[in-house]
There are 2 protein chains.
Amino acid sequence: MKNHLEALNKAFESRVRLGIMSLLMVNTAMDFGMLKEQLNITDGNLASHLNALDKLGYILITKQFIGKKPNTSYTATDPGRKAFSDHLDALERFISRSI
Amino acid sequence: MKNHLEALNKAFESRVRLGIMSLLMVNTAMDFGMLKEQLNITDGNLASHLNALDKLGYILITKQFIGKKPNTSYTATDPGRKAFSDHLDALERFISRSI
DNA sequence: TGTTTAACTTTGAATTACAAAGTACTTTTT
DNA sequence: AAAAAGTACTTTGTAATTCAAAGTTAAACA
C-alpha cells in the first residue's frame, strides 16, 4: 500500500489501544482502575488489550500494593512512545494529504 | 469511551477504507484499476471494501464503457466527504491532546 | 467462614479481513 | 470459429480480531 499508509501501526488501529496509549502518553502512569474508568470497557477487554501492548513491549506493567490493596500500574515504554509518536506522525502526514 | 475517542468513525478504522476514502477526497473519481494499483491489494478485497463504503452511502459507483472496455469508477458522496472529514477532525483533536 | 475487591484468564460467540478461486461478459488473438 | 485475456466482480473458506460474560486467584474484611 502506497500513500504513507503502510506507516500506520496496526497495533493502534483499535480504538481501545489508541485510547490506552494516548492516556499513557499524557499521564506518566495509570492504574487498571483509572484506565477502565476512562475507557469505559469491561475489565477483561481492558486486560487483553493491555496484554497485547505489553507483548509488543509498548507498555511496562508494575504490580504493587498501595496500603492493603493490590494495584497494577501501566507506563508507556520508550519504544512504545516512539511507536505511538511515529503512528501519529503518519496519521498527520496522511491527513494533510487528504484534506 | 471518553476523550473524543467515540467521535472516530468505525468505517475508517480499516487502513484499506481509510486509503480508499483519502484517494477519493483528493481525486474526484478513480476507477477500480487505479484504486487497486494504489492500494496494492487483491481485487476481491478491494471490491468488498468498496461494497462496504457503498452500503454506507459514502461512495457512488458508476459503471460505463471506455472505448471497448468496461470501467467502474468511484466517487465520494457528500455524506461520505462529511463523514470522512469529521473523522479526520476527530483524529486531529485526538492527536493534539496526545502529544 | 463467607463476602468483597482487584486484576486478571478463559471461554465462546460475533464480526472482520483476506486470499484464492470461480463467474460473467466482452474483446482480442490465433 | 475457438481460445485466451481483461475487467470487475462474487463466493468460499480460513484466520484473526474483538468483546462480553463468567470463572479464577489471592488478599482483606466482616
Side-chain angles (χ1 to χ4, degrees), chain A residues 1-2 5-6 8-24 27 29-56 58-75 83 87, chain B residues 1-2 5-6 8-24 27 29-56 58-75 83 87:
Chain A
M1 218 175 304
K2 298 168 188 179
L5 226 60
E6 71 286 331
L8 297 175
N9 189 332
K10 256 209 144 191
F12 305 127
E13 254 172 69
S14 137
R15 298 141 89 97
V16 175
R17 287 191 301 273
L18 201 63
I20 292 170
M21 282 306 287
S22 80
L23 288 168
L24 295 185
N27 308 96
M30 292 190 83
D31 64 32
F32 195 88
M34 291 161 78
L35 287 172
K36 197 184 150 185
E37 196 221 323
Q38 286 297 311
L39 299 169
N40 203 34
I41 55 178
T42 59
D43 51 0
N45 194 10
L46 176 55
S48 71
H49 283 292
L50 287 168
N51 188 38
L53 291 172
D54 182 41
K55 270 185 186 152
L56 291 166
Y58 289 173
I59 61 173
L60 186 75
I61 303 180
T62 310
K63 288 166 192 265
Q64 53 178 354
F65 275 81
I66 292 185
K68 305 279 178 105
K69 291 184 180 174
N71 180 279
T72 310
S73 93
Y74 305 88
T75 315
H87 179 75
Chain B
M1 219 176 298
K2 299 167 188 180
L5 227 59
E6 72 285 332
L8 297 174
N9 189 332
K10 258 211 142 187
F12 305 128
E13 256 172 68
S14 136
R15 296 140 87 98
V16 175
R17 288 192 300 273
L18 201 63
I20 292 171
M21 283 306 288
S22 80
L23 288 168
L24 295 185
N27 309 95
M30 294 191 83
D31 65 29
F32 195 88
M34 291 162 76
L35 286 171
K36 198 185 148 183
E37 197 222 324
Q38 286 296 311
L39 298 168
N40 203 35
I41 55 178
T42 59
D43 51 359
N45 194 10
L46 175 56
S48 72
H49 284 292
L50 287 168
N51 187 38
L53 291 171
D54 183 40
K55 270 186 185 151
L56 291 167
Y58 289 173
I59 62 173
L60 186 74
I61 304 182
T62 310
K63 286 165 192 268
Q64 55 179 352
F65 275 80
I66 291 183
K68 306 275 178 108
K69 292 183 181 175
N71 180 279
T72 310
S73 91
Y74 305 88
T75 316
H87 180 75

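Throughout, a chain's letter reflects where its sequence line sits, starting with A, and its residues are numbered from 1.
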Do A:L35 and A:I41 make a side-chain contact, defined as non-hydrogen atoms from C-beta onward lying under 4.5 Å apart?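 The answer is no; the side chains never approach within 4.5 Å.
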Within the structure provided, determine whether B:L8 and A:L18 are in side-chain contact (heavy-atom separation under 4.5 Å).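 Contact flag for B:L8/A:L18 side chains = yes.
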To the nearest angstrom, how far is [X] atom [atom1] from [N] atom [atom2]?
X     : N      : atom1 : atom2 : result
B:K36 : D:dA8  : NZ    : C1'   : 9 Å
A:E37 : C:dA7  : CD    : C1'   : 17 Å
B:L18 : C:dT16 : CG    : P     : 17 Å
B:R15 : C:dA17 : CZ    : P     : 12 Å
A:I61 : C:dC8  : CD1   : C1'   : 10 Å
A:L46 : C:dC8  : CG    : C1'   : 10 Å
B:I66 : D:dG6  : CD1   : P     : 18 Å

Please determine which of B:L50, B:D54, B:N51 meets the side chain to side chain contact (heavy atoms under 4.5 Å, CB included) test together with B:I61.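 It is B:D54; the other options fail the test.
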Classify the nucleic acid contact of B:N71 as base, sugar-phosphate or nothing, counting any heavy atom under 4.0 Å across all strands shown.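 Sugar-phosphate, no base atom in range.
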Describe the nucleic acid contact of B:S14 in one word from base, sugar-phosphate, nothing, applying a heavy-atom distance below 4.0 Å.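 Result for B:S14 = sugar-phosphate.
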Interatomic distance, B:L46 atom CG to B:K36 atom NZ [nearest 0.5 angstrom]: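 Spacing of CG (B:L46) from NZ (B:K36) equals 8.5 Å.
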Among [options], which is the nearest nucleotide to the side chain of [X]?
X     : options               : result
A:K68 : D:dA28, C:dT28, D:dA8 : D:dA28
B:R17 : D:dT18, D:dT7, C:dA17 : C:dA17
B:D43 : D:dC9, D:dC19, D:dT7  : D:dC9
B:F32 : C:dA19, C:dA17, D:dC9 : D:dC9
A:N45 : D:dC19, D:dC9, C:dC8  : D:dC19

Of A:K10 and A:A47, the one whose closest DNA chain C nucleotide lies more 5':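 So the residue in question is A:A47.
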Indicate the atoms forming the closest heavy-atom contact of B:M30 with B:Q38, along with that distance.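 Shortest heavy-atom contact: CE-CG, 4.1 Å.
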Check this one for me: any side-chain N or O of [X] less than 4.0 Å away from OP1 or OP2 of [N]?
X     : N      : value
A:S48 : C:dT9  : no
B:T42 : C:dC18 : no
B:T72 : D:dC9  : yes
B:Y74 : D:dA8  : no
B:H49 : C:dT16 : no

With DNA chain D as reference, determine whether B:P70 or B:E13 sits nearer its 5' end, using the nearest nucleotide of each.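 Closest to the 5' end, via its nearest nucleotide, is B:P70.
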Evaluate B:M21 against B:I59 for side chain to side chain contact (heavy atoms under 4.5 Å, CB included), listing each step before the verdict. CA-CA 8 Å; B:M21 283 306 288; B:I59 62 173; 3.9 Å; yes
